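Down below is the structure, laid out as structure tokens.
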Number of protein chains: 2
Amino acid sequence: MSKKGARRHASGGLTMADLAKLAGVSKITVSRALGNSPLVNPQTRERIQALAHERDYKFNISARNLRLRRSHTVAVIVEMKPSTDRTMFDPYPLVLLGGISQELTAAGYSVLLTTRQGASAAAVQAADGLILLGQGAHQDAVRRFDKLNLPMVVWGAPSASDAHVVVGSDNRLGGAVVARHFIALGRGRPVFIGNPSHPEIFERLNGFIDALAVRGIKPLLMRRDEFTVDSGMDAVRSLHQRKVGFDAIFACNDLLAMGAIRATLDLGRSVPADVSVVGYDDMPLGASFLPPLSSVRQDWQEGGMLLARKVLALIEGEPASPESLPVSLIVRAT
Amino acid sequence: MSKKGARRHASGGLTMADLAKLAGVSKITVSRALGNSPLVNPQTRERIQALAHERDYKFNISARNLRLRRSHTVAVIVEMKPSTDRTMFDPYPLVLLGGISQELTAAGYSVLLTTRQGASAAAVQAADGLILLGQGAHQDAVRRFDKLNLPMVVWGAPSASDAHVVVGSDNRLGGAVVARHFIALGRGRPVFIGNPSHPEIFERLNGFIDALAVRGIKPLLMRRDEFTVDSGMDAVRSLHQRKVGFDAIFACNDLLAMGAIRATLDLGRSVPADVSVVGYDDMPLGASFLPPLSSVRQDWQEGGMLLARKVLALIEGEPASPESLPVSLIVRAT
DNA sequence: ACAGCAATTGTTATCGGTATCTTGATACCG
DNA sequence: CGGTATCAAGATACCGATAACAATTGCTGT
């Protein structure tokens, strides 16, 4: 019973040696023909390629990998807990993945997707390079993968202390852009909603604070750990209960922003007349929200592609440097 | 310049032969020790494992794969166009992936993520099995992968004609459940919004129609290709312009449902007093929508795990049959 | 006519593991 | 005490591709 399935895979196909025998040449000639090497006669090449196609010959990648000592594979390690984790349900990592995948594929590489736990599962070691996604990446995880001694690129907020190539969008700029927007609108009592224990969000907060400081404005920090609509509503209600005045809200995520707007409206105040609100991530839904949400947009797709290009560079032995991607403020109705 | 990076990867580590020399045994003994084979003396095993750890020995997966003719890898092929494609920006495939990944990892397998274009990129051939995600999967793509002759499982709507193992959530049931909900509410003029050229959505529509037919009710089909809020609003406005009466809406996606609700409210009608609305997918945001959205929930996580289990079964040569996952109607305020 | 060169193809070794078959040593049995 | 069972470890032969080097052929130039 277990034979059938296994055998189909195991010895289903011909090898180069088989093809060689069929074509009356040696294996190496077959190898060269299939690899489009200039070392074979064009006619021979044609003949062998045709034969290979006809007989449905399939490459044995493992053999090639072994011989070439290269797998043409990059492992992408994602923080992906099955629990109620943010990362897992957000569409963004997927877009990031899309960018990575697109770029790697174009370069003839494959993507080995792994979770942190699964990363021990051997196969990662066969990769030519590593990409780390997920906010926790900076702390302990990085070290574990460091010692694999593979070309590695990390997505996140760069910190002075790390020695690896970090690519991320410019969160500090994101915060600053919003701050300047508020200043331009003449807002003087801004609130920041979010969880600054995430390095990326910490950066947003810092950019926000610093840019506001230019005008002597100090924002209020409403720490909220969840990235949900409810959490955003709760934050604003809590402000109200404490009778704290505010005329602008920077939520570090669009869902929080939506919640904040809703709670603000519920309290009888107008958005944007009384309170300006800006979110982060510019999720597709934001444009259809009522009122249409202003938000900071990150180019995830491009981020993924950049990550991919950096690993590829490292794999080729070329240098690669950390890089921050610009973000843009999309001003809508709020 | 290109040497440094390449070399680091290529010949950085020791081989079993090296370890063997160091330990004064033969390489096969090392192999056994590291593989926890009962064929070595426990003491020897300890000693070798300690040595391996100390010297930071790294397995060469390619070599093992070649010898064992197994890669312990499953390729997941995703429809992931960089264009404005639905799949790419939806969080659901990621959840599906999460389920797959979790289950495969637990079984000691890795996930090779590939897009359709990239699927030609060699590495797929090295996989022990295949999982196809993405709505287009049924048509042409399947055949291409069929001839790889690998254990394969497809996510989607089962159709009588296909010969492969299809796993999906029970879309027909999803439609039926909504129909019964409307019937129970006494609604007699239901509308379906969505794009039935997707096989999965076609099923939802059919389930909806059939279950309504029991009461002699015929729903109106508002075909809309985009899965967006705007598209949902547009559908309802169009109904209104054409002066079509309706008292219930089944949108094949939550965003469409939200748009439909908004447009309905804009037109001065009440939800749910005048019009009942049910969406599909039960996205997290739905619960926070105003009014909280009723929706059909699919268990994507479980779906992913099921897909994984089926391929694993096939890989082991065991039989596997198509399967539909139950869905559940989450009744909220609409 | 023969060295010299280019174009093709072949021979051999090797990548780093593991399966199979043997061998050596020790223990156990009647 | 001879013979067999048991355990531990080694020798050898692969898995299927490719690199390095070698060999063959035909053609060129002087």
Side-chain angles (χ1 to χ4, degrees), chain A residues 6-7 9-49 51-52 55-73 122-123 125-128, chain B residues 6-7 9-49 51-52 55-73 122-123 125-128:
Chain A
R7 188 182 305 152
H9 165 254
S11 55
L14 335 187
T15 73
M16 279 195 174
D18 298 333
L19 268 189
K21 207 165 295 174
L22 285 170
V25 296
S26 69
K27 325 189 274 179
I28 189 68
T29 299
V30 175
S31 172
R32 295 203 261 242
L34 297 181
N36 283 319
S37 158
L39 292 179
V40 291
N41 184 316
Q43 287 171 21
T44 315
R45 186 203 307 157
E46 290 286 328
R47 188 165 58 90
I48 294 179
Q49 287 187 352
L51 183 68
R55 298 287 178 131
D56 196 27
Y57 166 75
K58 297 189 206 70
F59 245 87
N60 184 321
I61 309 295
S62 297
R64 157 183 255 163
N65 287 348
L66 171 57
R67 181 66 238 235
L68 297 181
R69 297 159 134 174
R70 269 198 140 187
S71 60
H72 285 273
T73 289
Q125 299 175 2
D128 292 338
Chain B
R7 189 182 304 151
H9 164 254
S11 55
L14 339 187
T15 74
M16 278 195 174
D18 298 332
L19 270 190
K21 208 165 295 174
L22 285 170
V25 296
S26 69
K27 42 178 207 166
I28 187 68
T29 299
V30 175
S31 172
R32 287 173 182 144
L34 297 181
N36 284 318
S37 158
L39 292 180
V40 289
N41 184 313
Q43 287 171 22
T44 315
R45 184 201 310 156
E46 291 285 328
R47 187 165 60 91
I48 294 178
Q49 287 188 350
L51 183 67
R55 298 287 178 129
D56 196 27
Y57 166 75
K58 295 190 207 69
F59 243 85
N60 183 321
I61 309 295
S62 298
R64 156 186 256 161
N65 286 348
L66 171 57
R67 181 67 237 234
L68 297 182
R69 297 159 134 174
R70 270 197 139 189
S71 61
H72 284 273
T73 289
Q125 298 174 4
D128 292 338

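Keep in mind the model is a prediction, meaning the values are calculated, not measured. Letters go in sequence order (proteins before strands), and every chain restarts at 1.
Taking side-chain N and O atoms only, B/S31 has a distance below 4.0 Å to OP1 or OP2 of C/dT18. Regarding contacts with the backbone of D/dG16, every side-chain N or O of A/Y57 stays at 4.0 angstrom or more from both OP1 and OP2. Note on A/T44: a side-chain N or O is less than 4.0 Å away from OP1 or OP2 of C/dT9. Between A/T29 and C/dG10 there is a side-chain polar atom (N or O) within less than 4.0 angstrom of OP1 or OP2. Dashed line: the shortest gap from a side-chain N or O of B/R69 to OP1 or OP2 of D/dG16 is under 4.0 Å.
Computed from coordinates, the B/I28 CD1 to C/dA19 P distance equals 7 Å when rounded to whole Å.
Looking at A/D128, its side chain does come within 3.5 Å of a backbone N or O of A/H72 through a donor-acceptor pair. At distances below 3.5 Å, not a single donor-acceptor pair connects side-chain atoms of A/T29 with backbone N or O atoms of A/K27.
Among the protein residues, B/L68 comes within range of the sugar-phosphate backbone only, with heavy atoms under 4.0 Å from sugar or phosphate atoms but none that close to a base. Among the protein residues, B/R64 comes within range of the sugar-phosphate backbone only, with heavy atoms under 4.0 Å from sugar or phosphate atoms but none that close to a base.
Pair assignment for C/dA1: D/dT30, on the basis of Watson-Crick or G-U wobble contacts that are both within less than 3.5 Å.
Closest approach to the A/A63 side chain among C/dT20, D/dG16, C/dG10 is made by D/dG16 (side chain taken as heavy atoms from C-beta onward). Closest contact between the side chain of A/R67 and the listed nucleotides C/dG17, C/dT14, D/dG10 involves C/dT14. Minimum atom distance to the side chain of B/V40 is reached by D/dA9, of the listed D/dA9, C/dT9, D/dA8. Across C/dG10, C/dA19, D/dA17, the shortest atom-to-atom separation from the side chain of A/N60 is found for D/dA17.
If B/T15 and A/G24 are placed on DNA chain C by their nearest nucleotide, the residue sitting closer to the 5' end is A/G24.
Using a 3.5 Å distance cut-off with no hydrogens or angles, the side chains of A/N36 and A/Q49 do pair a donor with an acceptor.
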